[in-house]
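First up is the structure itself, then whatever we jot down about it.
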Amino acid sequence: MPVVTFTSETLHRDVRAYATAGDTSTVLSVALAQGVKIPHDCRDGECGSCLIEVKYVDGKPKMAIALTEKEKIKLRELGKITVEQIRDAETNDIAPPYRLACQFIVREEEIVIHFTGEPAGA
């Protein structure tokens with residue numbers, strides 16, 4: 001079962017969510033379903049406002065490493081990923097530290113998601 005822990009300076013406490021195994025929900029969808037208000041403006045990978053830092057729990061498999069094309073472009077524009085990190089993700093299964101919550105699909109893994117900023121609608 002995927003386990004996602006959300007942490008932020010804007011939260012009163014960390015929020016742990018259990019995603020449905022085999023589902024194709026994005027981190028943003030899982031967050032919103034749990035009442036965690038990750039900042040977002042577009043939900044389509046175009047704006048970059050849902051930037052998150054992803055940490056994998058030690059000893060657990062890293063599975064959702066694949067980046068979407070929109071994610072690659074936006075993370076490069078934001079200066080949050082290098083060409084080498086993209087190559088490592090695609091060929092060596094090395095997870096990049098930053099992702100877009102609207103593009104990152106939760107898989108069978110345990111991750112900690114850190115985000116900053118004011119939530120949408122705040």
Is [Y] reachable from [X] through a run of hydrophobic residues whose side-chain heavy atoms are each under 4.5 Å from the next?
| X | Y | result |
| --- | --- | --- |
| I81 | I52 | no |
| I65 | I113 | yes |
| L28 | L78 | no |
| V15 | V54 | yes |
| Y98 | V27 | no |

| When you look at I111 and V57, which way does the side-chain contact (heavy atoms from CB on, under 4.5 Å) test go after all the steps? | CA-CA 6 Å; I111 54 177; V57 174; over 6 Å; no
| query | With sequence neighbours excluded, what pairs up with E77 under the salt bridge (Lys or Arg N to Asp or Glu O under 4.0 Å) test? | reply | K74
| field | Set of residues satisfying salt bridge (Lys or Arg N to Asp or Glu O under 4.0 Å) with respect to R16, sequence neighbours excluded | value | E110
Polar side-chain atom of [X] near backbone of [Y] as donor-acceptor pair, under 3.5 Å:
| X | Y | result |
| --- | --- | --- |
| S25 | V30 | no |
| T26 | Q103 | no |
| K80 | R99 | no |
| H40 | I38 | yes |

| Is there side-chain contact between Q85 and P97, with heavy atoms separated by less than 4.5 Å? | yes
| query | Is the shortest heavy-atom distance from the side chain of I86 to the side chain of L75 under 4.5 Å? | reply | no
| D14 and T7: side chain donor to acceptor below 3.5 Å | yes
| task | Carefully, step by step, assess E109 and Y56 under the rule side-chain contact (heavy atoms from CB on, under 4.5 Å). | result | CA-CA 8 Å; E109 58 199 338; Y56 290 81; 3.1 Å; yes
| said: Quick check: closest heavy atoms across V106 and P2, and the distance to 0.1 Å? | reply: CG1-CB, 3.4 Å
First locate atom [atom1] of [X], then atom [atom2] of [Y], and finally report the distance between them rounded to the nearest 0.5 Å.
| X | Y | atom1 | atom2 | value |
| --- | --- | --- | --- | --- |
| T116 | L51 | OG1 | CG | 7.0 Å |
| C102 | E71 | SG | CD | 7.5 Å |
| L100 | I73 | CG | CD1 | 11.0 Å |
| E53 | S8 | CD | OG | 11.5 Å |
| F6 | R13 | CZ | CZ | 12.5 Å |

| Trace of the side-chain contact (heavy atoms from CB on, under 4.5 Å) decision for F115 with V36 | CA-CA 10 Å; F115 63 94; V36 176; 3.7 Å; yes
| field | Under-4.0 Å salt bridge between R87 and E84 | value | no
| task | Evaluate side-chain contact (heavy atoms from CB on, under 4.5 Å) for K55 paired with H114, printing each intermediate quantity in order. | result | CA-CA 8 Å; K55 296 189 182 199; H114 182 266; over 6 Å; no
